Structures are given as structure tokens and as C-alpha cells.
2 protein chains.
Amino acid sequence: MNATVERFQKLLTERGYRVTPQRLAIYEALVESASHPSAEELYHRVRDRYPMMSPATVYNTLQLLVELGLATELGFPGETRYDGNPHLHANILCIRCRQIFDLDLPDLSHIEKELASRSDFLLLGQRHEFFGICPDCRLEEAEQAGEPVN
Amino acid sequence: MNATVERFQKLLTERGYRVTPQRLAIYEALVESASHPSAEELYHRVRDRYPMMSPATVYNTLQLLVELGLATELGFPGETRYDGNPHLHANILCIRCRQIFDLDLPDLSHIEKELASRSDFLLLGQRHEFFGICPDCRLEEAEQAGEPVN
DNA sequence: CTCGATGCAAACGGTTTGCATAATC
DNA sequence: GATTATGCAAACCGTTTGCATCGAG
């Protein structure tokens with residue numbers, strides 16, 4: 001059990017939530033996976049170790065993680081995926097292989113400040129999502145077509 | 001029938017799609033509504049005038065509009081909504097009244113360029129979504145609580 | 001006249017709900 | 001021991017599909 005999971009455990013206790021093996025397993029699986037999994041993917045992955053795991057528990061836990069600020073929902077076309085990186089950043093989805101990558105854009109916190117100064121909205125969250133075709137998939141497409149990448 | 005709809009009509013013909021009353025009605029309803037409606041909302045709104053309208057046609061047409069670059073999908077938590085404003089901009093959702101507002105952030109095209117220069121991704125789209133509580137709802141909440149807005 | 005678009009109804013898939021049981025604190 | 005979390009199965013709801021019919025070009 002690593003330090004991130006221990007922090008989660010501590011946070012649960014502090015906020016009056018119970019520490020359960022399911023919660024730890026789900027959070028661990030989310031943090032471990034670089035792929036930004038969907039709730040369902042996560043459910044299948046965790047169920048390999050905990051065969052009794054139910055979908056409801058995964059959905060509940062993900063909601064809890066979002067509340068605690070340990071995860072964010074990504075709303076890409078057609079599917080909701082989860083990001084266990086709590087640091088503000090953008091994401092980019094490859095529409096071909098469906099992988100999602102983290103993207104550090106230095107302008108982001110800047111945007112937040114500007115928004116705050118320009119309106120009376122109480123800002124609670126933000127998502128910056130890009131989609132396109134990743135370098136690997138571009139290469140593959142070029143090979144299949146027998147043509148160079150433009 | 002206004003100029004925007006006429007442009008749509010022209011674009012359909014140019015690209016080899018047929019001009020149908022349904023397509024025009026759906027597009028008109030989308031552009032008219034400032035609320036960034038969901039597909040279902042749009043379906044109900046259009047059906048008032050065209051009782052035979054089917055959900056499938058609304059979904060098909062929205063997909064077509066996105067293809068043509070006349071609309072974008074917004075992926076807010078739990079629902080997909082549509083924006084008939086083709087100009088690159090951010091959106092902000094009020095989680096209380098569910099209204100979505102357009103937001104012009106001058107940095108956005110800047111971000112796009114930076115992304116292009118920093119990776120080999122072929123960029124196809126982007127969404128910049130904020131959520132929070134709008135000024136009106138903040139006032140209402142303050143009134144209900146009998147407390148001042150902080 | 002031909003082919004693309006529509007309407008309808010049924011199927012789909014991800015997510016949520018209700019409730020009895022189990023486990024944490 | 002009290003109360004929260006879990007597992008299960010059924011319900012939900014927005015969206016998609018297949019197919020016969022309609023209508024734009």
C-alpha cells in the first residue's frame with residue numbers, strides 16, 4: 001500500500017467516512033491506471049481481485065472521490081472517464097485508440113483568475129478537454145495508407 | 001427564416017445532403033435557444049411545431065450539425081448539451097439552475113497554438129467547460145439563508 | 001424514379017435505486 | 001451495538017438501431 005492510498009485513508013477518517021477494502025481497492029486501481037478509465041473499466045479491473053465487487057460500489061466510490069477532490073470526471077463524447085490526478089490540468093483524448101493523456105498547460109490557472117475577476121460566478125470546477133489523433137495512431141494510419149504523414 | 005438558417009441550407013446542398021423541413025426546424029430551434037439544450041429538450045421543443053418528429057431525426061441532425069461545424073457537443077456531468085455557436089469559446093454551467101452561458105476567453109486560441117507546437121497530436125476539437133453557481137442563484141441562496149453573499 | 005431521410009418501436013448500455021445483509025467504528 | 005457501506009437485481013433514461021415508408025432531388 002503506497003503513500004497516496006494512505007492519504008486517502010486518512011482523509012476518509014477525518015471526514016467521517018468509513019475505510020473499507022473496496023474503497024481502497026478502487027482508489028488504488030484508479031491511481032495506478034494511466035489510462036483514465038471509465039467507471040465500468042474500473043469495475044472490471046477491480047473485480048478481478050474482489051469478485052464480489054458490485055458496480056454500485058464503484059459508482060458510489062467514484063462520486064466520493066470527486067467530492068473529496070481526489071478525482072475528476074472527464075466528459076468526453078459518449079463516455080465519462082475518471083482522472084486520479086488532482087492537479088489542475090487539461091486532457092487530450094485520441095479518438096482512435098481512446099487513450100487519454102494528461103497535458104500541462106501553464107495558462108490554465110491564469111484563465112481561472114480572469115474568469116473570477118470578470119463575473120460573479122462562484123467557480124467550482126473546470127475541464128479542459130481536447131481530442132484528436134495521437135502520434136502513434138497517426139503513424140499507423142500513414143502506414144496503412146502507404147502515405148507519408150502530412 | 002433568417003440568414004443563419006439560409007447558410008445552413010446552402011451548406012447542406014453543397015455537401016450533398018438533402019434539405020428537409022426537419023433539419024431546418026431543428027437547426028433553427030438550436031440557434032434560437034440561448035439555453036444550450038440537450039437533444040431531448042430540443043426534441044420536445046421542435047415536436048410542438050412538428051408533431052411527427054422522431055427522436056432519431058433529432059439525434060441524426062445534431063450529429064450532422066457537429067460534422068458540418070455548425071454545432072458542438074458539450075459534455076457536462078450527466079448530460080450532453082448542444083451549442084449552436086460555432087465560434088471557439090468556453091462555457092460555464094450553473095449546477096443549480098442548469099443554465100449554460102457562453103464565455104469568451106481570449107487565451108483559448110493561444111492554447112491551441114501552444115498545444116500544436118508542443119506535440120504531434122492532430123488536434124480535432126476542444127472543450128473548455130467551467131461549472132459553478134451563477135450570480136442569480138447565488139443571490140437566491142443568500143436570500144434563502146438570510147445571509148449575505150460572502 | 002432513385003436514393004437518402006424520416007418515423008416508429010424495440011433494443012441497448014451505462015448508471016442509479018431499493019432493500020436486505022455485512023462490516024466498520 | 002449502531003449505523004454506514006456493500007451486493008444484488010431490477011428499474012431507469014438517454015440514445016441507437018433496423019426497417020418500412022416517405023419525399024427531396
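Model, not experiment: these values are computed from the prediction. Lettering follows sequence order; numbering is per chain, from 1.
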Scanning both residues in full, the closest heavy-atom pair of B/Y43 with B/S54 reads CE1-C, 3.8 Å
Pairwise 5' ranking along DNA chain D for B/N60 and B/V19, keeping only the more 5' one: B/N60
Which of these, B/M53, B/E40, B/R45, sits in a side-chain contact (heavy atoms from CB on, under 4.5 Å) with B/V58? B/M53
Quick one: B/E67 CD to C/dG4 P, roughly how many Å, whole number? 15 Å
Taking the nucleotide of DNA chain C with the nearest heavy atom to each, does B/G16 or A/T13 sit closer to the 5' end? B/G16
Please name all residues satisfying ring-ring contact (aromatic ring centres under 6.0 Å, His included) with B/F8, sequence neighbours left out, ordered by chain then number. B/Y27
Which part of the nucleic acid does B/T80 contact within heavy-atom distance under 4.0 Å: base, sugar-phosphate only, or nothing? sugar-phosphate
Strictly distance-based, threshold 3.5 Å: is any side-chain N or O of B/R81 a donor or acceptor partner for the main-chain N or O of B/S35? yes
Would you say A/S33's side chain and A/A29's backbone share a donor-acceptor pair under 3.5 angstrom? yes
A/F76 CZ - C/dG14 C1' separation (whole Å): 18 Å
State whether B/Q22 places a side-chain N or O below 4.0 Å from either non-bridging phosphate oxygen (OP1 or OP2) of C/dG7. yes
Axis-to-axis angle between the two ends of the helix from C/dC1-D/dG25 to C/dC25-D/dG1 (five base pairs per end, rounded to 10 degrees): 40°
Check for me whether the distance between the ring centres of B/F121 and A/F101 falls short of 6.0 Å. yes
When the distance from CG of A/L24 to P of C/dT24 is rounded to whole Å, what number comes out? 11 Å
Does B/T20 place a side-chain N or O at less than 4.0 Å from the phosphate oxygens OP1/OP2 of C/dG4? no
Value in whole Å for how far the C1' atom of C/dA22 lies from CZ of A/R18: 11 Å
Any residue meeting salt bridge (charged side-chain N to carboxylate O under 4.0 Å, His left out) with A/R127, in chain and number order, not counting sequence neighbours: A/E129, B/E129
Would you mind reading off the distance between B/Y43 atom OH and C/dT6 atom C1', rounded to a whole angstrom? 12 Å
Would you please name every residue forming a salt bridge (charged side-chain N to carboxylate O under 4.0 Å, His left out) with A/R98, sequence neighbours left out? A/E79
Rounded to whole angstroms, how far apart are CG on A/L12 and P on C/dC25? 9 Å
Atom CZ of B/R15 and atom C1' of C/dA5: how far apart are they, to the nearest Å? 18 Å
side-chain hydrogen bond (donor to acceptor under 3.5 Å, both in side chains) contacts in which one or both residues fall within residues 99-117 of chain A, not counting sequence neighbours: A/H36-A/D102, A/N85-A/D102, A/H89-A/D102, A/D107-B/H110, A/H110-B/D107, A/E112-A/Q126, A/E114-A/R118
Heavy-atom nearest nucleotide on DNA chain C taken for B/M52 and for A/A56; more 5' hit belongs to B/M52
Students should find that the nucleotides of DNA chain D closing off the region near chain B, any atom under 4.0 angstrom from a heavy atom, are D/dG14 to D/dG25
